Amino acid sequence: DDYKVDEIVNEAYLDLDEIIRFLTELKRFKPANDDKLKALIKLLKSAPDLKGQKVLIFSEFMATTRYLKNQLEAAGIKDVDEVDSRMHDRSEIIRRFAPYYNRPPQGELLEGIDRQTRILISTDVLSEGLNLQDATRLINYDLHWNPVRLMQRIGRVDRRLNPEIEAQIVADHPD
């Protein structure tokens with residue numbers, strides 16, 4: 001008697017109808033309509049300061065990292081890897097992306113690495129405590145609501161550089 005159950009049920013049905021409309025609209029969405037994705041692809045393919053450079057892309061969601069990796073590869077962009085929290089052993093992907101700053105002690109630079117990663121797409125799982133400064137650019141595909149998270153992301157690339165490692169990078173990649 002204290003609750004208007006019939007109104008609550010009717011509101012629940014209205015909510016379900018709204019979800020159905022949303023999902024129907026979502027089914028019509030295609031990557032070709034994704035302006036943000038198109039801008040990213042154009043930037044990665046045509047920006048002179050990104051060609052051939054290592055790029056770290058942060059996204060808020062695991063589904064977005066998978067989507068971006070698939071779409072970049074479909075657009076012909078090579079050497080793309082993706083990391084999110086479901087991956088427990090990320091060390092190989094991190095070494096492929098940043099071999100200079102993540103080489104094992106006393107180890108050879110590319111020992112055990114089958115290929116290098118040029119573009120690494122990640123959730124915030126890689127935003128703290130890692131040396132990813134082999135990258136020259138960072139792109140925040142999704143902006144985090146917390147500015148501290150953004151600073152942590154930037155800190156993966158904008159760090160104090162080791163002069164010995166930097167000399168090795170220049171020697172290996174003089175261009």
Side-chain angles (χ1 to χ4, degrees), residues 31 34 36-37 39-144 146-175:
D34 187 345
K36 190 174 181 180
L37 173 66
L40 177 65
I41 290 170
K42 181 180 178 187
L43 184 69
L44 292 173
K45 284 186 167 185
S46 63
D49 59 335
L50 293 182
K51 282 192 173 188
Q53 300 297 316
K54 297 223 178 211
V55 179
L56 179 60
I57 301 172
F58 277 109
S59 175
E60 192 68 21
F61 306 102
M62 288 190 303
T64 305
T65 62
R66 287 190 296 271
Y67 168 74
L68 288 176
K69 181 179 189 296
N70 292 336
Q71 295 307 312
L72 293 181
E73 288 175 342
I77 297 173
K78 305 229 183 295
D79 302 322
V80 178
D81 266 324
E82 170 250 335
V83 173
D84 59 46
S85 59
R86 68 195 160 111
M87 299 173 179
H88 297 293
D89 185 17
R90 304 172 192 113
S91 59
E92 182 64 25
I93 293 173
I94 291 167
R95 278 194 66 223
R96 278 199 304 258
F97 180 71
Y100 289 92
Y101 279 93
N102 290 287
R103 79 174 84 179
Q106 310 294 319
E108 289 295 316
L109 176 63
L110 298 175
E111 184 178 305
I113 296 178
D114 56 346
R115 67 177 174 82
Q116 282 201 52
T117 299
R118 185 175 83 81
I119 299 171
L120 181 59
I121 307 164
S122 177
T123 60
D124 280 329
V125 73
L126 294 185
S127 69
E128 292 185 33
L130 293 169
N131 295 319
L132 301 174
Q133 64 264 40
D134 288 33
T136 57
R137 295 291 185 270
L138 178 137
I139 297 172
N140 284 301
Y141 193 77
D142 301 323
L143 290 178
H144 199 283
N146 183 342
V148 173
R149 286 282 192 177
L150 293 174
M151 291 186 324
Q152 286 293 332
R153 290 176 176 183
I154 293 166
R156 296 316 93 222
V157 175
D158 186 20
R159 306 185 83 165
R160 181 175 299 231
L161 302 176
N162 180 323
E164 293 173 13
I165 293 176
E166 292 301 306
Q168 184 66 47
I169 292 173
V170 170
D172 291 347
H173 306 282
D175 55 333

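Here the structure is a predicted model, which is why all the values come from computation and not from measurement. Just so you know, these numbers use all the heavy atoms, side chains as well, and skip hydrogens, waters and symmetry mates.
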Quiz item: Among D84, T64, I139, whose side-chain contact (heavy atoms from CB on, under 4.5 Å) with S59 holds?
Solution: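 Among D84, T64, I139, the one meeting side-chain contact (heavy atoms from CB on, under 4.5 Å) with S59 is T64.
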
Self-check item: Criterion side-chain contact (heavy atoms from CB on, under 4.5 Å) against I57, the qualifying member of D142, V80, I119
Solution: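 Exactly one option meets the side-chain contact (heavy atoms from CB on, under 4.5 Å) with I57, and it is I119.
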
Between atom [atom1] of [X] and atom [atom2] of [Y], what is the distance when rounded to the nearest 0.5 Å?
| X | Y | atom1 | atom2 | value |
| --- | --- | --- | --- | --- |
| T123 | R66 | OG1 | CZ | 10.0 Å |
| I93 | T117 | CD1 | OG1 | 7.0 Å |
| L120 | L138 | CG | CG | 10.5 Å |
| R86 | T65 | CZ | OG1 | 6.5 Å |

Less than 4.5 Å apart, side chain to side chain, heavy atoms only: is that true for [X] and [Y]?
| X | Y | result |
| --- | --- | --- |
| V83 | F97 | no |
| Y141 | I121 | no |
| N70 | E82 | no |

Quiz item: Can you list the residues that meet the side-chain contact (heavy atoms from CB on, under 4.5 Å) rule with Q53, with sequence neighbours excluded?
Solution: T136

Quiz item: Does K69 have any salt bridge (Lys or Arg N to Asp or Glu O under 4.0 Å) partners at least two apart in sequence or in another chain, and if so, which?
Solution: E73

Exercise. Indicate the atoms forming the closest heavy-atom contact of E60 with D124, along with that distance.
Key: OE1-OD2, 4.0 Å

Self-check item: Nearest heavy atoms of A75 and K45, plus distance in Å
Solution: O-NZ, 2.6 Å

Self-check item: Side-chain ion pair, D79 and R96, N-O less than 4.0 Å
Solution: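 Looking at D79 and R96, the cut-off is not met.
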
Quiz item: More than 12 foreign heavy atoms under 6.0 Å from NZ of K36: is that the case here?
Solution: yes

